[in-house]
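Report on the following structure.
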Amino acid sequence: MADDLEAKVKKYLRGEGANLEVLNDKKLKTQLAIREDLYGKSAKAAADVEKWLMPSEGGYLEAEGIEKTWNITQESIAREVDILSSKNQHDIILPDLGPYTLDFTSSGRYMAIAGRKGHLAVVDLKNMSLVKEIQVRETVRDVVFLHNELFYAAAQKKYPYIYNQDGTELHCLKEHGPVRKLQFLKNHFLLASINKIGHLHYQDVTAGQIVANFRTACRSDAMRVNPFNGVVSLGHSVGTVTMWKPTSSAPLVKMLCHHGPISALAFHSNGHLMATAGRDRKIKIWDLRKYDTLQTLPGHAISLDFSQKGLLAYGNGSSLRILRNNSDSQSYERYMSHSFLKGYQINKVLFRPYEDVLGIGHSMGWSSILAPGSGEPNFDSWVANPFETSKQRREKEVKSLLDKLPPDTIMLNPSKIGSFKPPRKKEKPTKDEREAEIEAAVTAVKSTEVKKKTKGRNKPSRRAKKRQESIAMAKRPFLEQQMEEYNSGQKRKISEEVQLPPSLQRFAKRKVV
Amino acid sequence: MRVKVISRSNDEFTRERSQDLQRVFRNFDPNLRPLGKAVEYVRALNAAKLDKIFARPFIGAMDGHLDAVSCMAKNPNYLKGIFSGSMDGDIRLWDIASKRTVCQFPGHQGAVRGLTASTDGRILVSCGTDCTVRLWTVPIPTLEEFYSPGKSSEPLAIYTRQNAFRAVDHQWDGEQFATGGAQVDLWNHNRSLPIKSFEWGTDTILSVKFNPGEPNILATSASDRSITIYDLRLSSPVKKVILMTKTNAIAWNPMEPMNLTAANEDTNCYSFDYRKLGEAKNVHKDHVSAVMDIDYSPTGREFVTGSYDRTVRIFPYNGGHSREIYHTKRMQRVFCVKFSCDAGYVISGSDDTNLRVWKAKASEQLGVVLPREKRKHEYDESLKNRYKHIPEVKRIVRHRHLPKLIFKAGRLRREMIEAAKKKDERRKAHSAPGKVVTKPLRLRRTVKEIE
């Protein structure tokens, strides 16, 4: 019991305490020591109160005797479980409108579905009713909810569109181009998209400005946002996974994961684990702190997803598997499996938040199966409320807009916000960083619109010359900096180390590095 | 096989009747809230900005005096009222809420130099440069006064002496009051001559203040740049500290009665422990001209000062710099300040014949605050405190608009202090180690301590 309590306290402590030994200021040290003490006390109080505040335990599935959990079928589960859960197990057959993809709202109550042949619908899963369905008569490749169930974005043939809950088209996002995959960053209100050409766009959906627009080098089929830090990662056709943030034109991390194209990506909610699947018939689980493979599993996967409790689901062909993390061995093992009839090709698997349900979009429609132990049993009404009324939804929208994070708070380690940078001398940027900066400046210049002149002054040769000049102007400060450093390096004299007395310290020559 | 699936029934999670409150379920797990620290930082930034948007400290001015306001007194039994005396002998009792004069006490021929109310609030004692001490009865505040301003009353008693009086203060828990002028006199309400007189040196006593905790301890400041502590039981002065410049006003901390703060002519305020007067506990620096008056908040956690440089500043009791500055183009030299008895307002009396009422916390919401609003304010406060060291938040929290003269004067002072410091450091570097010793500022400004 004590270990249990300790684990809970650790969860609420949110990381290590501050190191107070390095401080010289006694007053500050005592103040911070008192604060650290308070944190410890509040974490302990939260751990104690947990058993009253959080009444429900999660779901579970345990096999008895020689039975194995992965042999248990959905029908046998349905027989053992109460009637209310039986509505969560269903198959909707819509064979004509193409493979379906789906998305859930953060509370798990509403689901947006998109069939490849243009069928868009929003379903209320609590009442099992259709809110609205429309047929856009164009290829739809992906669909994603925006901040609540009233708005969703669909990646259609030429551009992505944003629709209302009533099916009204609200916006046509022309800058994005023919989008392959869409993702929404909830805390930042940013819509990220990757298109066929390999351009990554970030657009702020509150005011509508394009925050960033990057040219990633190669095609990517998989895109996922890491919920822990808001970083978008792309899986490319050369087998690399790159991670991006809207404020830098070069990727934060570039890792070679597979020998073939990456087909699917998924992130665990704690931010450490990433699962990737490639065409080389391997599924790898990575530790993002060390960028090291934790586990390699054989198999194909067209779609991967982590649940709130850490279960991993992957689907391939007409069958899917759910893996569970064994606490003692820290590795993923088979937990459940499910297969459809031969004709059903699985397109997307997605766990439903706060419910023990796995939603599957396939070529003949969509299904939902029970996955005991996958959802978080205790929800927080102020984070995501499956029983939200419209008044609560409006309040939440306003509050979340006030708490909207600026795009430059996205970083690999989100706990760095509010901490102090260790003081260091001004370092020279590395060659890669410098090249990235030059590249960024040049793209910025190239993307600016030049005013077209009239009355015979708009000759193509003159326009081209002006363009070349502006690119050269953009590159100039970087080149000048380089020349300066080169010259100062030439001039540097090696002087011997003379220890000056303290009164003459201000006359000491500063070393040029 | 044993299996259980999450299933939530509508009844448990929604309200039964429409007049019930909505049900709220909480789970404090940090995993449900990614990017919590960034959200907190954004909230702290918004809290700092909102604080500045709502910062409107000036409430109103009470005008009626015909000459500069020279002194004020609080009535401990009547929060809404304040007494003020001006340089032409006019004493008024004001109702702060309606900003009107309730009662006038005419009589003094010259400037009124000191005002104080007795412990039960029924008698007002005033002293002035016409060498008189006058006692007045304070009218009981009833509804009538509201509709008939300009009432005046006759003095209870007038006591005349040979020299002008500069200050008066009443004992916190007794029947005696003390005046300062040529010497310190101790009076009783009914006697026309002082009971006792103290003298140490031949200089004028500029201000007199009784200790709130010990009714027999008295602190005075004189024009020989000293602060003297008297004990009435010993009937003699106890100890004296001589500073480099004269102290204009003293205030005792009502929550820590052993500490007193002196408002000095050299633009600083010095906090002392009266048992150990040789070393200042704290130096409060921020004014650019002589500090004229000082008063502590009833919480004992901060004090307000008014200075000759036309500003009013609020300092924390243990901090070196002010947390707030109030100024207006129309407010000229501030001669007296008082903190209201509910620690919510600051009243300043200045050269331009007005008394001004300010809020103690500039962005405070006046009136009844609902419990949810109060919780939100507390949350915003703690957010700002947690993130106040981050440059973006610090810039907003620290920002105050200063009048141009004060800004320039402050900058000049800083330059001068930096230059003197640099010179001192170089002197130290050029001399043998240990020869030149720099005393901290707390010690530097005292000349000597005498028993």
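All values below were derived from every heavy atom in this structure, side-chain atoms included, with hydrogens, water molecules and symmetry-related copies excluded. Letters A, B, ... are given to chains in the order of the sequence lines, protein chains preceding strands, and every chain is numbered from 1.
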Run the salt bridge (Lys or Arg N to Asp or Glu O under 4.0 Å) check on B:K276 and B:E279 step by step: do they pass?
CA-CA 7 Å; B:K276 200 175 168 223; B:E279 177 179 342; 3.5 Å; yes
Worked check of side-chain contact (heavy atoms from CB on, under 4.5 Å) between A:H188 and B:L35:
CA-CA 10 Å; A:H188 313 267; B:L35 296 163; 3.6 Å; yes
For a salt bridge (Lys or Arg N to Asp or Glu O under 4.0 Å) check, start with the C-alpha distance between B:E364 and B:K359, then their side-chain angles and the critical distance, and finish with the verdict.
CA-CA 8 Å; B:E364 190 185 16; B:K359 286 191 225 172; over 6 Å; no
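Only the side chain of A:E67 has a heavy atom closer than 4.5 Å to any heavy atom of chain B. Contacts of B:I390 with chain A are made by side-chain atoms alone, with heavy-atom separations under 4.5 Å and no backbone atom involved. Residue contact with chain A, scored on non-hydrogen atoms closer than 4.5 Å, involves the backbone and the side chain of B:V39 alike. A:L405 touches chain B through backbone and side chain together, each having a heavy atom under 4.5 Å away. Contacts of B:R23 with chain A are made by backbone atoms alone, with heavy-atom separations under 4.5 Å and no side-chain atom involved. When heavy atoms are compared at a cutoff of 4.5 Å, A:D82 approaches chain B solely by way of its side chain, counted from C-beta outward. For A:H268, no part sits under 4.5 Å from any heavy atom of chain B, backbone or side chain. Proximity to chain A is limited to the side chain of B:Y41, based on heavy atoms less than 4.5 angstrom apart. Of the atoms belonging to A:K186, not a single heavy atom falls under 4.5 Å from chain B. For A:T389, the part lying near chain B is the side chain, with the backbone staying farther off; criterion is any non-hydrogen pair under 4.5 Å. For a residue to count as touching a neighbouring chain, one of its non-hydrogen atoms must lie under 4.5 Å from one of that chain's; by this rule A:N378 touches chain B with backbone and side chain alike. Both the backbone and the side chain of A:L61 come within contact range of chain B, with heavy atoms under 4.5 Å apart. Looking at B:R26, the atoms closer than 4.5 Å to chain A (heavy atoms on both sides) sit in the backbone and in the side chain alike. Heavy atoms of A:K27 lying under 4.5 Å from chain B belong exclusively to its side chain.
By number of non-hydrogen pairs under 4.5 angstrom with chain A, the leading residue of B:S9, B:P30, B:S7 is B:P30. Contact count against chain B (heavy-atom pairs under 4.5 Å) is highest for A:V81 among A:T409, A:N385, A:V81. Chain A forms the most heavy-atom pairs under 4.5 Å with one residue out of B:E425, B:K428, B:R426, B:R8, and that residue is B:R8. Comparing B:R386, B:M1, B:H389 by how many heavy-atom pairs each has under 4.5 Å with chain A, the most go to B:M1. Comparing A:K416, A:Q308, A:R35, A:K8 by how many heavy-atom pairs each has under 4.5 Å with chain B, the most go to A:R35. Counting heavy-atom pairs closer than 4.5 Å to chain A, the top-ranked of the candidates B:D29, B:T14, B:V393 is B:D29. Considering only heavy-atom pairs separated by less than 4.5 Å from chain A, the leading option among B:N31, B:N10, B:L45 is B:N10.
Applying the side-chain hydrogen bond (donor to acceptor under 3.5 Å, both in side chains) test between B:T267 and each of B:R413, B:H287, B:K285, B:H284 identifies B:R413 as the sole match. Checked against B:E324 for a salt bridge (Lys or Arg N to Asp or Glu O under 4.0 Å), the options B:R398, B:R313, B:R400 give a single hit: B:R400.
Below 30°, between 30° and 60°, or above 60°: for A:H147 and A:F184 the angle between ring planes is between 30° and 60°, a tilted geometry. Classification of the A:H272-A:F228 ring pair by plane angle, with boundaries at 30° and 60°, yields perpendicular.
With salt bridges taken as basic N to acidic carboxylate O contacts below 4.0 Å, none links B:R43 and B:E40.
For B:Q22, the CD atom is densely surrounded, since the number of other residues' heavy atoms within 6.0 Å is greater than 12. Counting heavy-atom neighbours within 6.0 Å of A:K44 NZ, excluding the residue itself, gives a total of 12 or less.
In this model, no donor atom of one side chain and acceptor atom of the other lie less than 3.5 Å apart for B:N282 and B:S271. Looking at B:T261 and B:Y296, their side chains do bring a donor and an acceptor atom within 3.5 Å of each other. Defined by atom type and a distance below 3.5 Å, a donor-acceptor pair is present between the side-chain atoms of A:Y12 and A:E50.
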